[in-house]
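Worksheet: the structure to be examined is printed underneath.
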Amino acid sequence: KAGVTQTPRYLIKTRGQQVTLSCSPISGHRSVSWYQQTPGQGLQFLFEYFSETQRNKGNFPGRFSGRQFSNSRSEMNVSTLELGDSALYLCASSLSDKETQYFGPGTRLLVL
Amino acid sequence: DQQVKQNSPSLSVQEGRISILNCDYTNSMFDYFLWYKKYPAEGPTFLISISSIKDKNEDGRFTVFLNKSAKHLSLHIVPSQPGDSAVYFCAASSLQGAQKLVFGQGTRLTINP
């Protein structure tokens, strides 16, 4: 079974731009979560989607948003990029509640 | 407020010996704990988990121990192998935020031949 895939793997943007990252979960998994990893803050939860509905949200500004499609694929969007948004963005999928989350390889975003 | 803490940023162990990685948490609502291993430029790989109704879970060379009264968990790897060299993250979740994992800062484990 294929793992979680994320595209693109690397991205360079400039301040003020917006970016959309994509995540395809493991086949059959309906829950998709997004995390941000930075050297200073570590791994932090962004939000989680299940059956196209956002169920949980972390402490990030409204510039960070996401959505999930009927095939469970998910996208996250960051608008008005700031230098501090440079990070590794990780997507994880799981079958459902309280099931183990499996991570993709991440998208490394650099904001200049 | 860091709810999950891994106080050792790094650990060096001889090949063949036991590696013990520690994790402390403060939120008594956490009821599910996981360990992930991460190589550079890759996503975290799930290793082992434990729910709060147990105090030990074993999978091959990996054993996780949970001490609820001390709010402490540990991961034991025995015997340690060079391929175990990576950053290890402990994570926790609660019933209310089941898929919201709270991670520790990670411990870099180096296995020396």
Side-chain angles (χ1 to χ4, degrees), chain A residues 3-7 9-10 21 23-26 29-51 53-60 66 68 72 74 87-108 110, chain B residues 1-10 21 23-27 29-54 57 59 62 64 75 86-108:
Chain A
V4 177
T5 57
Q6 291 186 247
T7 56
R9 291 294 310 277
Y10 303 93
L21 311 181
C23 171
S24 292
I26 292 170
H29 285 195
R30 296 172 63 191
S31 169
V32 174
S33 300
W34 289 88
Y35 294 83
Q36 181 197 64
Q37 184 182 24
T38 59
Q41 298 298 318
L43 269 156
Q44 292 190 294
F45 173 81
L46 279 156
F47 28 65
E48 183 244 348
Y49 287 87
F50 183 86
S51 292
T53 302
Q54 186 183 89
R55 290 197 302 187
N56 275 299
K57 192 176 191 310
N59 295 326
F60 280 82
Q68 186 180 34
S72 294
S74 177
L88 180 67
Y89 290 89
L90 291 157
C91 165
S93 76
S94 61
L95 273 170
S96 61
D97 274 357
K98 298 299 263 186
E99 294 285 341
T100 300
Q101 292 182 45
Y102 295 90
F103 284 82
T107 294
R108 185 162 294 282
L110 177 61
Chain B
D1 172 34
Q2 200 159 350
Q3 300 183 66
V4 178
K5 294 179 188 178
Q6 293 176 255
N7 291 317
S8 299
S10 63
L21 296 102
C23 178
D24 297 296
Y25 62 95
T26 56
N27 189 340
M29 300 300 290
F30 287 147
D31 63 353
Y32 189 60
F33 305 89
L34 308 92
W35 284 93
Y36 286 87
K37 169 181 173 181
K38 189 177 185 300
Y39 294 115
E42 292 184 16
T45 301
F46 169 72
L47 277 175
I48 192 167
S49 62
I50 187 166
S51 91
S52 58
I53 61 172
K54 292 185 169 184
N57 189 25
D59 184 3
F62 302 93
V64 56
L75 173 68
V87 178
Y88 288 77
F89 290 94
C90 117
S93 69
S94 65
L95 189 62
Q96 285 80 8
Q99 299 309 92
K100 177 183 175 180
L101 292 178
V102 179
F103 282 87
Q105 292 293 91
T107 296
R108 181 176 300 279

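Letters A, B, ... mirror the listed sequences (proteins, then strands); counts begin at 1.
Residues B:Phe46 and A:Gln101 approach most closely at CB-O, 4.4 Å, considering heavy atoms. Summarising the geometry of A:Lys57 relative to B:Lys100, their closest heavy-atom pair is O-NZ, 4.5 Å, with the distance given to 0.1 Å.
Looking at A:Arg108, neither its backbone nor its side chain comes within 4.5 Å of chain B, counting heavy atoms on both sides. There is no contact between A:Phe50 and chain B, counting heavy-atom distances below 4.5 Å. Only the backbone of B:Glu42 comes within less than 4.5 Å of a heavy atom in chain A; its side chain stays farther off.
With respect to chain B, the highest number of heavy-atom pairs below 4.5 Å among A:Thr100, A:Leu88, A:Val4 belongs to A:Thr100.
The shortest side-chain heavy-atom distance between A:Leu43 and B:Tyr36 does not fall under the 4.5 Å cut-off. Side chains of B:Leu101 and A:Ser33 form no contact here, defined as non-hydrogen atoms less than 4.5 Å apart.
Summarising the local packing, CZ of A:Arg9 is surrounded by more than 12 heavy atoms from other residues, nucleotides or ligands at distances under 6.0 Å.
Rounding to the nearest 0.5 Å places CD of A:Gln41 at 9.0 Å from CD of B:Gln2. A:Glu99 contributes atom CD, which lies 9.5 Å from atom OG of B:Ser49 (distance to the nearest 0.5 angstrom).
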